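Accompanying notes for the structure given below.
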There are 2 protein chains.
Amino acid sequence: MTDEQRAAYPTGLRERKKRRTRDALLHAALDLFTTQGYEETTVDEIVEAVEVSQRTFFRYFASKEEAAFAIQEMVESSFLSELRRRPAEEAPFDALRGAVLCAWNSIGETIEELVTVELHMRTYRMIESTPSLLAAHLRRCADLENQIALLIARREGLDVDEDPRPRVAVAAFCGVMRVTGQLWGRGRESGVDSLRALTEAYLDQLGPALAGNWRTESGATAG
Amino acid sequence: MTDEQRAAYPTGLRERKKRRTRDALLHAALDLFTTQGYEETTVDEIVEAVEVSQRTFFRYFASKEEAAFAIQEMVESSFLSELRRRPAEEAPFDALRGAVLCAWNSIGETIEELVTVELHMRTYRMIESTPSLLAAHLRRCADLENQIALLIARREGLDVDEDPRPRVAVAAFCGVMRVTGQLWGRGRESGVDSLRALTEAYLDQLGPALAGNWRTESGATAG
DNA sequence: TGTCAACTGTCAGAGGCTGACACTAGTGTC
DNA sequence: GACACTAGTGTCAGCCTCTGACAGTTGACA
């Protein structure tokens, strides 16, 4: 259970107030970030909108950056629990593939209490198009990759330090995921559907892409 | 030709002085970073060691971060030129594999004028173990990935926006490269040889790792 | 030698972030 | 219901990265 989820069921007035302050700060931050840009938004502007002190902002979020990733954080832990729920018979790669698609299907339920799906999508695109946030995003992905590799290894009864396959498979999978994420962020269609379609098409091309000679085989299948 | 390489052949006294200042700053920075840590080192400490003003540091390096990646920058462009030099008959994945191994073989010649290979290795490990630098490193890798994908696509006469295979293959390749880089950074052996051995072993496992059921096949081949 | 342009230093300041300390307002207790 | 306790907050003061403006210095070149 994450802090966010625990905080979703406040007991007393103090907890409710705390939650309201955090939600207001997060909302104001994401709203400002996505409308006028991340770098262009100062913490002072955020706290001004919520009418709290700057010090308070930094008590809820360790950094300005952390606020930008608050929703992403929830989506990732949602993916991890989907992956843990996958049937043991499934091959590793199929389990990974199934887990992302499921996580995206249920994205609404995951974040509904905090923000609209639309704001989340806008935030994602902002992250992809802001260099410093993209850097942070990739580092978070690396952490996630590590966790996934451990999960996959355990599923298969392997040790990640003995057998390269868990890490290698997860690296390839996450690599493709990032490519689709970036393409989707740069593209025009911003719905979850187009992201899913892109992901499925690209994952299907992983095998063929690694095969020896491309010139003797058939060409494009997605665009 | 990069700025560094052009600056390696100075014409006048002014250029030589400029180069000496830059080299001194870079050396002092990397030395301090690797001995006392990146975050623990202030720009003031660096400029104090070289006896220039802080303002001067920021004229040579856009940021403290940029100094940390100066060598990496050279290595990356060295990899790219190795890749361009690969025979056209080679399959895409083989070309990528060959290019990294060649780039690492000639790493000494690439950076010899600036720093020792040993300092570069220490710097690499520092980058891998410093969260904020790791983030920046991954973003740089993403940029590089994009360039590589364009190169591979051109080699094969494809359009990256039409055929997913260039991006997908490069993503998988770079994913494995990062895994080996991280493992090497965390490990005990710090030579180029151990990095190369690890890379070869892991790249060999890419095919098997994506194949359906791992439990019916043979196990570990690298440690 | 003198002029021009490039490089550098100083100064002032914005913006992210932190520690210390005092104050306010919920919480649990008698 | 009055009490002390504690979590949450604001204020202030300061560090560090990075930038703009302006002035001083030093090679380059006629």
Side-chain angles (χ1 to χ4, degrees), chain A residues 3-4 6-7 9-26 28-30 32-33 36-70 126-127 130-133 135-136 139, chain B residues 3-4 6-7 9-26 28-30 32-33 36-70 130-133 135-136 139:
Chain A
D3 283 5
E4 285 82 357
R6 197 178 6 254
Y9 307 102
T11 52
L13 173 55
R14 184 180 267 164
E15 306 253 338
R16 257 178 294 151
K17 254 185 145 171
K18 222 169 91 174
R19 191 183 193 293
R20 227 179 303 155
T21 307
R22 198 197 125 99
D23 286 3
L25 280 170
L26 183 56
L30 295 186
L32 287 166
F33 291 165
Q36 65 184 38
Y38 176 76
E39 307 285 4
E40 290 69 31
T41 303
T42 66
V43 175
D44 280 336
E45 285 178 289
I46 300 168
V47 301
E48 205 171 316
V50 186
E51 296 190 302
V52 296
S53 75
Q54 201 198 55
R55 200 70 188 80
T56 296
F57 176 92
F58 285 109
R59 286 202 182 91
Y60 282 103
F61 303 99
S63 62
K64 180 177 154 184
E65 194 183 282
E66 193 180 290
F69 287 102
M126 173 203 68
I127 289 170
T130 306
S132 65
L133 288 183
R139 199 185 64 74
Chain B
D3 283 5
E4 285 83 356
R6 195 175 12 250
Y9 307 103
T11 52
L13 173 55
R14 182 177 270 166
E15 306 254 339
R16 256 178 295 149
K17 252 185 144 172
K18 227 170 85 174
R19 190 184 193 294
R20 227 178 306 155
T21 307
R22 199 197 125 98
D23 287 2
L25 279 170
L26 183 56
L30 295 186
L32 286 166
F33 290 167
Q36 64 184 39
Y38 176 76
E39 306 285 5
E40 291 70 30
T41 304
T42 66
V43 175
D44 281 335
E45 284 178 290
I46 300 168
V47 301
E48 205 171 317
V50 186
E51 295 188 305
V52 296
S53 77
Q54 201 198 55
R55 200 71 187 79
T56 296
F57 176 90
F58 284 109
R59 283 201 184 92
Y60 282 103
F61 303 98
S63 62
K64 179 177 155 185
E65 193 183 283
E66 194 179 290
F69 287 103
T130 306
S132 66
L133 288 184
R139 198 185 66 74

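Convention: sequence-line order gives letters A, B, ...; per-chain numbering from 1. Only a predicted model underlies this, so the values are computations on that prediction, with no experimental measurement involved.
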May I have the distance from [X] (atom [atom1]) to [N] (atom [atom2]), rounded to whole angstrom?
| X | N | atom1 | atom2 | value |
| --- | --- | --- | --- | --- |
| B/D44 | D/dC18 | CG | C1' | 12 Å |
| A/E40 | C/dG15 | CD | P | 12 Å |
| B/F58 | C/dC11 | CZ | P | 18 Å |
| A/F61 | C/dT18 | CZ | P | 14 Å |
| A/E65 | C/dG16 | CD | P | 13 Å |
| A/F57 | C/dG15 | CZ | C1' | 13 Å |
| A/L32 | C/dG15 | CG | P | 14 Å |
| B/E39 | C/dC17 | CD | P | 12 Å |

### Query
In terms of the nearest nucleotide of DNA chain C, which residue is placed more toward the 5' end: B/T21 or A/A62?
B/T21
### Message
My understanding is that only residues two or more places apart in sequence, or in another chain, count here; which of them pass side chain to side chain contact (heavy atoms under 4.5 Å, CB included) with B/T130?
### Response
B/Y38, B/E39, B/M126, B/S132, B/L133
### Query
side chain to side chain contact (heavy atoms under 4.5 Å, CB included) with B/F58: which residues, sequence neighbours excluded?
B/V43, B/Q54, B/R55
Which nucleotide sits closest to the side chain of [X]: [options]?
| X | options | answer |
| --- | --- | --- |
| A/S63 | D/dC18, C/dC17, C/dG15 | C/dC17 |
| A/T56 | C/dC17, D/dT9, D/dT19 | D/dT9 |
| B/R59 | D/dC22, C/dC21, D/dC18 | D/dC22 |

Any protein N or O atoms within reach of nucleotides 22-26 of chain C? Criterion: under 3.5 Å, listing atom names and distances.
{"residue": "C/dG26", "atom": "OP1", "partner": "A/K17", "partner atom": "NZ", "Å": "3.3"}
{"residue": "C/dG26", "atom": "O3'", "partner": "A/R14", "partner atom": "N", "Å": "3.3"}
{"residue": "C/dG26", "atom": "N3", "partner": "A/R14", "partner atom": "NH2", "Å": "3.0"}

### Task
Pick base, sugar-phosphate or nothing for B/Y60, based on heavy-atom distances below 4.0 Å to the nucleic acid.
sugar-phosphate
### Task
Please work out if A/S132 contacts a base, only the sugar-phosphate, or nothing of the nucleic acid, heavy-atom cut-off 4.0 Å.
nothing
#### Entry: Residue pair B/L26, B/Y60: steps toward the side-chain contact (heavy atoms from CB on, under 4.5 Å) verdict
CA-CA 9 Å; B/L26 183 56; B/Y60 282 103; over 6 Å; no
In terms of heavy-atom contacts, does [atom1] of [X] have more than 12 from other residues, nucleotides or ligands at under 6.0 Å?
| X | atom1 | value |
| --- | --- | --- |
| B/Q36 | CD | yes |
| B/E45 | CD | yes |
| A/E40 | CD | yes |

### Query
Can you tell me if A/E66 uses its side chain to pair, donor with acceptor, with the backbone of A/S63 under 3.5 Å?
no
### Partner residues of B/S53 under the side-chain hydrogen bond (donor to acceptor under 3.5 Å, both in side chains) criterion, sequence neighbours left out
B/T56
#### Entry: Under the ring pair (Phe, Tyr, Trp, His ring centres under 6.0 Å) test, residues paired with A/F61 that sit two or more places apart
A/F57
### Query
Can you list, by residue number, the residues of residues 46-55 of chain B that have a non-hydrogen atom closer than 4.0 angstrom to DNA chain D?
B/Q54, B/R55
